[in-house]
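The next block holds one structure in the form of structure tokens; read it before the comments.
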Number of protein chains: 2
Amino acid sequence: MARRGRRRGAAVSRENILDAARRLFAEHGFEGTSLRQVARAAGVDPAMIHHFFKGKDELFALSVELPADPEEVLRGVADTDPGQRAELLVRTVLHLWESPAQASLVAFLRGTLGSRAKTALLREMVGRTIISRIMAGVPGQPAEVALRGDLVASQMVGLMMVRYVVRLEPLASAGQDEVVRLAAPNVQRYLTGDLFEQGRR
Amino acid sequence: MARRGRRRGAAVSRENILDAARRLFAEHGFEGTSLRQVARAAGVDPAMIHHFFKGKDELFALSVELPADPEEVLRGVADTDPGQRAELLVRTVLHLWESPAQASLVAFLRGTLGSRAKTALLREMVGRTIISRIMAGVPGQPAEVALRGDLVASQMVGLMMVRYVVRLEPLASAGQDEVVRLAAPNVQRYLTGDLFEQGRR
DNA sequence: GCTTTAATTCATCAGGTGGTGAATTCCCCG
DNA sequence: CGGGGAATTCACCACCTGATGAATTAAAGC
């Protein structure tokens, strides 16, 4: 059934492989996904993967690479007044996660959280690149701002995990606007609020 | 060097295997860890694992099983006035994660988040068991309480991820008391605060 | 139209995977 | 002290893993 040699028509196998890889990595993680599964899902011989990519690592890197440049996505956020930045930040992140990029993002998290070695990559990326952009222009001593950044990250990461990875209901099905309304005030406190207030409410 | 037959002295191999499994599952996740690696780390023949456990699944389940019964750990929390429950909740969870159980907990998360199938397990467990205990006695309509529970979970999960799995600095090294002071007010808002407040601070 | 280049499959490799059955050695109970 | 049962290792099994090199076919460039 599968004749040998080049197929007729446009050459789309490379993209098919990337699509299949995205899906499978998102479902089963990095080590839980085999090249043969990917090839089968893409309707292609396993050797094609090595023809197009150097190996499993490169396939993973290219298929789940962040489909959007964090700098670009967060540009608007960094330009907003820190005192009202939270709402836009939450909205922007939700928007990104509900785009076609979702499979890549889940795959990235699943593959990346799977092992300690890969987690280091995520730490560098989230830590230095993303957080620093989110915190740009926030007043305060550097040490304090860094701590605030981690706290913001903790809330955002938790939101992504619960809503998109674990999919806890009813939060997973809540509307985007509702989630923004619910979470933004907490994020805002981490960003610029009084961290040492006593006996609120 | 390794003689055949039973070793002299006390029989500790079973515990050695469990310890090694905990460590390796925490570092490399479920599929990233092989039985032979575990056996090697435990200084034992691979066949021992099948002698003591039914297979890799049971080894994983037993080695990373929650070392503390959620019901017991959260008992004090559920008994506290909901209006001041957040501080105790955060403190309790931090305490648990800084106990010897940490390796098991990280292993549980790593193994569990690795694939979609295993994530369902976590969803059931966190969703029905843990959250319902945390939210016991919180006033409000069931649907609203469920949503509040998910929000609390999002902050707690994010905190665990950032502090213990990804280990973002400076949050990872912050003192327990400080983290409680920083995060508890936000958790409290999710628990019993006004979720629809406008233009705070 | 011919040649170069890329896409595709096949056959195969060395090594790792989880798992099994039997043989050997020791502990513990009677 | 004798014997039953548990602990331990060995020798395998069938299968899957990522990877390679050569052979075949089609598209692209001239």
Side-chain angles (χ1 to χ4, degrees), chain A residues 1-25 27-64 107 110-111 114-115 117-118, chain B residues 1-25 27-64 107 110-111 114-115 117-118:
Chain A
M1 205 157 196
R3 282 191 26 252
R4 208 166 174 165
R6 186 165 185 158
R7 295 176 183 177
R8 280 161 240 157
V12 290
S13 293
R14 200 189 130 101
E15 277 310 311
N16 291 149
I17 290 173
L18 286 173
D19 286 349
R22 258 184 282 273
R23 253 187 36 232
L24 290 171
F25 283 137
E27 277 216 42
H28 310 116
F30 180 78
E31 358 254 347
T33 302
S34 80
L35 295 184
R36 289 161 150 91
Q37 281 172 42
V38 174
R40 212 175 309 134
V44 145
D45 188 276
M48 291 287 325
I49 297 182
H50 287 89
H51 177 66
F52 287 121
F53 312 95
K54 277 178 203 155
K56 194 180 181 181
D57 287 333
E58 183 177 305
L59 174 63
F60 179 75
L62 291 182
S63 64
V64 310
R110 281 235 162 87
S115 84
K118 290 210 180 68
Chain B
M1 204 157 196
R3 282 189 29 252
R4 208 166 176 167
R6 185 163 188 158
R7 294 177 184 175
R8 279 162 243 157
V12 290
S13 293
R14 199 189 130 99
E15 277 312 309
N16 291 148
I17 290 174
L18 285 173
D19 286 350
R22 261 185 279 274
R23 254 188 35 234
L24 291 171
F25 283 137
E27 275 215 44
H28 309 115
F30 179 79
E31 0 254 345
T33 302
S34 79
L35 295 184
R36 289 162 149 91
Q37 282 172 43
V38 174
R40 212 175 308 135
V44 146
D45 187 275
M48 292 287 324
I49 297 182
H50 289 89
H51 177 66
F52 286 121
F53 312 95
K54 277 179 203 156
K56 193 180 181 182
D57 287 332
E58 183 177 304
L59 174 63
F60 178 75
L62 291 182
S63 64
V64 310
R110 282 236 161 87
S115 84
K118 291 212 180 64

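Quick note on labels: first sequence line is chain A, next is B, and so on, each numbered from 1.
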Quiz item: Separation of B:Met48 atom CE from D:dT8 atom P, in whole Å?
Solution: 4 Å
Quiz item: Looking at residues at least two apart in the chain, or sitting in another chain, which of them share a side chain to side chain contact (heavy atoms under 4.5 Å, CB included) with B:Glu31?
Solution: A:Glu31, B:Ser115, B:Lys118
Which pairs of donor and acceptor atoms, one on a side chain in residues 32-50 of chain A, lie under 3.5 Å apart (sequence neighbours left out)?
| from | atom 1 | to | atom 2 | distance (Å) |
| --- | --- | --- | --- | --- |
| A:Thr33 | OG1 | A:Leu24 | O | 3.2 |
| A:Thr33 | OG1 | A:Gly29 | O | 2.7 |
| A:Ser34 | OG | A:Arg36 | N | 3.4 |
| A:Ser34 | OG | A:Gln37 | N | 3.1 |
| A:Asp45 | OD1 | A:Ala47 | N | 2.8 |

Practice problem: Please list, in 5' to 3' order, the outermost nucleotides of DNA chain C lying under 4.0 Å from any heavy atom of chain A. | Solution: C:dA6 to C:dC10
Quiz item: Looking at CZ of B:Arg23 and OG of B:Ser63, how far apart are the two atoms once the value is rounded to the nearest 0.5 Å?
Solution: 12.0 Å
Quiz item: Taking only residues at least two apart or on different chains, which pairs with a member in residues 5-21 of chain B satisfy salt bridge (charged side-chain N to carboxylate O under 4.0 Å, His left out)?
Solution: B:Asp19-B:Arg22
Exercise. Side-chain contact test, heavy atoms from C-beta onward, threshold under 4.5 Å: evaluate it for A:Phe52 versus A:Ser13 and give yes or no.
Key: yes
Quiz item: Who pairs with A:Arg110 by salt bridge (charged side-chain N to carboxylate O under 4.0 Å, His left out), at least two apart in sequence or on another chain?
Solution: none
Exercise. For DNA chain D, determine which residues of residues 7-14 of chain B have any heavy atom closer than 4.0 angstrom to one of its atoms, and list them numerically.
Key: B:Arg7, B:Ser13
Self-check item: Residues forming a ring-ring contact (aromatic ring centres under 6.0 Å, His included) with A:Phe60, sequence neighbours excluded
Solution: A:Phe25, A:Phe30
Self-check item: Residues forming a side-chain hydrogen bond (donor to acceptor under 3.5 Å, both in side chains) with A:Asn16, sequence neighbours excluded
Solution: none
Practice problem: Spell out protein contact along nucleotides 14-24 of chain D as letters: B when the base is contacted, S when just the sugar-phosphate is, - when no protein heavy atom is under 4.0 Å; keep the 5' to 3' order. | Solution: ---BBBBB-BB
